[in-house]
K.L.:
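I'd like to ask some things about the structure below.
Per chain, numbering begins at 1; letters A, B, ... match sequence-line order.
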Protein chains: 2
Amino acid sequence: MGIGDVSKRVLLGRKLRSSQLGETLLPKRIALPVFASDALSSVAYAPDEIFIMLSLAGASAYVWSWKIGLAVAIVMIAVVASYRQTVHAYPSGGGDYEVASVNLGPTAGTTVASALLVDYVLTVAVSISSGAQYAASAFHGLIGHEATFATVMVVLLAAMNLRGVRESGTLFAIPTYAFMAAILGMCGFGLFRLVEGDLPEVASADLDMAAAPGYGESMTTIALIFLLARAFSSGSAALTGVEAISNGVPAFRRPKSRNAATTLLLLGMIAVTMMLSVILLAKEMGLQLVDPEDLHRLTLDGQPLPADYDQHTAISQIADALFSDFRPGFYLVVTVTGIILVLAANTAFNGFPVLGSILAKDGFAPRALGSRGDRLAYSNGIVFLAFMAIVLIQVFDAETTRLIQLYIVGVFVSFNLSQLGMIRHWTRHLKTERDPAVRRRMYRSRVINGIGLTLTAVVLIVVLVTKFFAGAWITILAMIVFFVLMRGIHRHYASVNDELAADEEDKVMPTRVHAIVLVSKLHKPTLRALAFAKATRPNVLEGVYVSVDPESTSRLLEEWDERNIDIPLKVLHSPYRELVRPIVDYALEIRKANPRGVVSVFIPEYVVGRWWEQLLHNQTALRLKGRLLFAPGVMVTSVPYQLRSSELVREREEREGVWVRPTELRMGNVRSRVNRDRQIQR
Amino acid sequence: MGIGDVSKRVLLGRKLRSSQLGETLLPKRIALPVFASDALSSVAYAPDEIFIMLSLAGASAYVWSWKIGLAVAIVMIAVVASYRQTVHAYPSGGGDYEVASVNLGPTAGTTVASALLVDYVLTVAVSISSGAQYAASAFHGLIGHEATFATVMVVLLAAMNLRGVRESGTLFAIPTYAFMAAILGMCGFGLFRLVEGDLPEVASADLDMAAAPGYGESMTTIALIFLLARAFSSGSAALTGVEAISNGVPAFRRPKSRNAATTLLLLGMIAVTMMLSVILLAKEMGLQLVDPEDLHRLTLDGQPLPADYDQHTAISQIADALFSDFRPGFYLVVTVTGIILVLAANTAFNGFPVLGSILAKDGFAPRALGSRGDRLAYSNGIVFLAFMAIVLIQVFDAETTRLIQLYIVGVFVSFNLSQLGMIRHWTRHLKTERDPAVRRRMYRSRVINGIGLTLTAVVLIVVLVTKFFAGAWITILAMIVFFVLMRGIHRHYASVNDELAADEEDKVMPTRVHAIVLVSKLHKPTLRALAFAKATRPNVLEGVYVSVDPESTSRLLEEWDERNIDIPLKVLHSPYRELVRPIVDYALEIRKANPRGVVSVFIPEYVVGRWWEQLLHNQTALRLKGRLLFAPGVMVTSVPYQLRSSELVREREEREGVWVRPTELRMGNVRSRVNRDRQIQR
């Protein structure tokens, strides 16, 4: 196929491409589960945390539980309403980072990015830890080994993501809808029995709970308010993941923004319903939860609990009680909850590299993260995320209650900056917009974002005040580290750009080309390199041989004459068997003798296909190329000679196609094999 | 400095070189300690093993101890005599491997090589384990933590060797002479007191030792002989390291072979004296040693020993008793013994890569091992050796007695093949030699090697029979693995050589050169690459830009026009942000359109100096170069642009000079900075 044909293929390819892209975009019914797993999964632990915090003041404080639930729900509704505005204003999928960068400048953007990076780590740690608790409530053998189990799960998830499994909508749809059906079904069944008046009690209802020392009856009003604030901020964990849709607008079907906004509304409604139902049922069924460190505050008929007592999560206790006659119901609820938690963690494994690639484009992360198909960069991200999550799981022994103290700070930092950015956005656009209908809509949007900002700011302050010493400081520290790192990288790229900026002198052509071809033996690769070098018609052309022993040198010289090679051969003696330095020095000397010329070094290389073959060859060529790059006025040409086994590599590439990151689904650029085309113009 | 001047520097350099090389060669008094540490250090554990084996039959069997010592000494003398022949016949330093390869063919050579590789691992494990025992006898806090201590020592040694400390003769001379002085002094003092009749008893003399079940009084003659054979083969550990000098002949001063032979004789005499003295003293002082697993066979006044009883080595018990009134004497003996054991292990760390480089030259190991200054290959060898030694130490809990069971098989395999090779060598030379005096010498040498072969063959059989199930099978298995690996590598290199062999067609020049310069931005590196590419006067020259978004594409096109660049720019569209594949495909298409032409791809690269900067740049260029190597008819030219920070690399290289492997000392090519010259001829 000639170059001429390429343009035809291109046109064809382009057509195919746009039509096919449309096909792979997500309809709402699939988009909801794809983006909802993170937000919905928090219903698996957020209610528990409210009860655990309130328990400090004893069982009587549980009267506050549904009020706190309601407060969380109100914030959630405000946040959902705010993000519906974001989705319309920023349909490109940059999310909070883009909103903050565009409207508040790069510092705010970098702050949001560091918050999100930290949050991805915590999402994995919290979700998997909570998942381990569910697993333990179904399989009692796991009790006491939650941290190990959670670690294994993180490793498995990381391995899956390293392998690059392609995601499909179905992968998310089935378990997410199953989770919704199971939880809402269970809650409906429970509420029905509540109305009927035969609601059973959960297992922990028989226990007696003592208030923690310093709390309880004697508590001051201020202490009570502080306690309620802590319970509220723990419960706010339910809000994590709501922002996911704002990063995924490009993946929606047209009209993208409207569909995304609708999905977001749906998600919010489902999440609020689930959370409030679970809290209500838990309260009515007499649930009693304490901090797992504080189990001694629970007693049964005045006796301390047995040493092997394990406190199960709210949902599993409710399911256990409601389905005491129908065990499959219990196992279904616990299983789908566990699965949704794993999916939520998987979301973080996807979000981390996506954010990395956006940061890379803006020069805040290594550029390699930004290029598609850079498997190595992507893998490093996955490994880093998994490693950090495992450290957290091990340090906090997979106790969700303790990890929650670190969580949410990051989410609310980005919520706040994003809302603030949105208010700026509307204010800026109002300055130029004249159409009164549009202006009205903008005013309304600004009010909504204003309410969102007010509420999330209150939550952020509450979270900071109540949790700083309980662990939030770790998060803030980590954010600062990320922030400093990103700024440093940005500064570095900027200074390199300055140094590289072209000026007028740069077009000067070198006066002459002195080409040298490295010769190690007279084999096919060398002959090819000599022929190719000759084809470039340099001013001087010579072969260069590094002699380490006289015998093989004279053999080579003989062969050189025999074959009648009409190119002179220079022999560099290297009595200490060095190969690299004599060549580098020689190249530098040629250049010194003629500073306006250029030295062109041809390196014959043969290319093998198997990984172990690659270990056996070309190490010297690699080292030499690395060193020559530092020599000014020298260019290095690899002349490859493909051995038969090298075809293995090409075949493998054909088989695998281009590697697809598992994040493609939610970035809206899934594509089929057929349209692997690129276009050529001009 | 022009090219012309180079030849002057060369002449100067050559003169300097040969004179200086002479200076750095080793005189006998330095060569002895450099090569002796391994062989002499075995006196630290070989006598113990004889006593431990004999102890199975109870204390009465100790009457055999000095007879077995004598038998070991006789074998040692025969081996030393044999190697004196080798040193004369093969002065190039190839040692057993060379002797076996040349005279018995590559299979024997590879067998010897695998035996030696396994033995290096065991030398490290045994020496360091024994060293840990000595450390524990001086610092009682280490008792019970020998394996951990030994592991830490191996890690430290590996780190030191990875760092590349340059060895000096003094480093060896001081501790080795101190060791000789300490042990010989102690033995002399002991023998003097023996003659005087006031020889003290060692600590374990008071104990009662029971024979192992099935041994003792009721033992059959056959069982006794088997026991004595086992004790003998354990004691043969004293012979390891004797062959070291035969690998180091080139490092000796002239006359190299004669000096090496004399040193070998000295070494043998000292080793035999030490071993026999220690055995004699231990016997006379009532030493009682059992297998550390069998401590229950020792009793004190009918009572079992306390649980924290630690059995110390022969030398430390002797020193303890002899220097009961002069503690510094005890600590000196134990300390220098510990140091010499560490030096012996260090010998293996040096020998492993030396053997690797010899094997690489013959195509039995990855070629990278053969090139000087390939830090990576060298490091991999060190890490591998350390890792294997640590595995052995951990598995055998740093118990010398159990590790000894694996040792020696390898040494005696190579002893045998080497002696057999020497006999063949003399027989072959006798066929052509006519001078009767020389013939007489050859006959004598052949007899000596014959005796050596006979004795070492007996030992090998004894070792195999008595130790196969006690652990020698592990060694043999490891040898087989190395053997198969080396044969595989050799086969691979041979088949590649076949495929690469030049024929007549290979000189055909490509008909035309189509050059493309990759453009990512219009900065200095790109302009330089365009200028350099133009200087090579290709038939077609164009810039190629991969467009991932229309905005930056049109910006680039504008700039291209503004700057009046007279080279056409081709834009490849890549809607999925891929960079590598569009370029590779485009290059392949050009080549397809013109199969007899060559495509020359110019990649502008900028070069930075700090390691973290390197992470931030050029990942794409690297990936692209890797992929293009597999495209036939394409050559890849890197046009580097050195940023300011790249000077750091050059400065660092200047500071460090060329990296020196710590093995240079015993390979006879130590050199000073001054003669870092290479010569240029023709």
Side-chain angles (χ1 to χ4, degrees), chain A residues 1-3 6 17 366 368 371-373 499-502 506-507 509-510 513 522-524 527 531-532 534-537 571-574 576-579 581-582 589 592-593 598 606-607 615-616 619-620 629-630 632 635-640 642-643 646 649-650 658 669 678-682, chain B residues 1-3 366 368 371-374 499-502 506-507 509-510 513 522-524 527 531-532 534-537 571-579 581-582 589 592-593 598 606-607 615-616 619-620 629-630 632 635-640 642-643 646 649-650 658 669 678-682:
Chain A
M1 190 171 73
I3 315 278
V6 175
R17 181 173 64 94
S371 78
R372 245 189 70 91
E499 206 176 334
L500 292 180
D506 297 319
K507 281 171 72 178
M509 246 178 72
V513 180
L522 255 188
H523 50 22
K524 282 175 191 283
L527 292 174
F532 279 19
K534 214 168 165 185
T536 67
R537 281 165 293 163
V571 178
L572 306 178
H573 280 275
S574 171
Y576 305 110
R577 293 187 293 119
E578 279 175 278
L579 296 172
R581 179 171 281 261
E589 270 154 20
K592 241 187 214 161
V598 58
Y606 41 94
V607 186
L615 291 182
L616 294 178
Q619 307 297 326
T620 311
L629 284 181
F630 289 93
M635 58 182 180
V636 189
T637 304
S638 299
V639 183
Q642 289 83 15
L643 285 172
S646 74
V649 168
R650 261 183 292 160
V658 177
N669 47 10
R678 63 264 147 302
Q679 305 123 274
I680 296 168
Q681 72 180 34
R682 180 159 174 172
Chain B
M1 191 170 72
I3 314 278
S371 79
R372 243 190 70 92
D374 193 324
E499 206 177 333
L500 291 179
D506 296 319
K507 280 172 69 179
M509 245 180 72
V513 180
L522 253 189
H523 49 22
K524 282 174 191 285
L527 292 174
F532 280 19
K534 215 166 160 185
T536 67
R537 280 166 294 163
V571 178
L572 307 176
H573 281 275
S574 172
Y576 304 111
R577 293 187 292 120
E578 277 175 279
L579 296 173
R581 179 172 280 261
E589 269 153 22
K592 240 188 215 160
V598 58
Y606 41 95
V607 185
L615 290 182
L616 294 178
Q619 307 297 326
T620 311
L629 285 181
F630 289 93
M635 58 183 178
V636 188
T637 305
S638 299
V639 184
Q642 290 84 13
L643 284 173
S646 74
V649 169
R650 261 182 294 160
V658 177
N669 45 11
R678 63 266 147 302
Q679 305 122 275
I680 295 170
Q681 71 180 37
R682 182 158 170 173

K.L.:
Taking Thr536(B), Val639(B), Val513(B), Leu629(B) one by one, which has the highest count of heavy-atom pairs under 4.5 Å against chain A?
P.N.:
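Heavy-atom pairs under 4.5 Å are most numerous for Leu629(B).
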K.L.:
So do Pro640(A) and Phe630(B) actually touch side chain to side chain, heavy atoms under 4.5 Å?
P.N.:
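Result no, sub-4.5 Å side-chain heavy-atom pair not found.
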K.L.:
Closest approach of Ala531(A) and Pro510(B), non-hydrogen atoms and distance?
P.N.:
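Nearest pair, atom of Ala531(A) first, then Pro510(B): O-CD, 3.7 Å.
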K.L.:
Can you tell me how far CG of Leu527(A) sits from CG of Leu500(B), rounded to the nearest 0.5 angstrom?
P.N.:
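Leu500(B) atom CG to Leu527(A) atom CG measures 10.5 Å (nearest 0.5 Å).
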K.L.:
Keeping Arg537(A) on the side-chain end and Arg537(B) on the backbone end, is there a donor-acceptor pair under 3.5 Å?
P.N.:
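Checked: pair present.
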K.L.:
Quick check: do Val636(B) and Val636(A) have side-chain heavy atoms less than 4.5 Å from each other?
P.N.:
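Val636(B) does not reach Val636(A) side chain to side chain.
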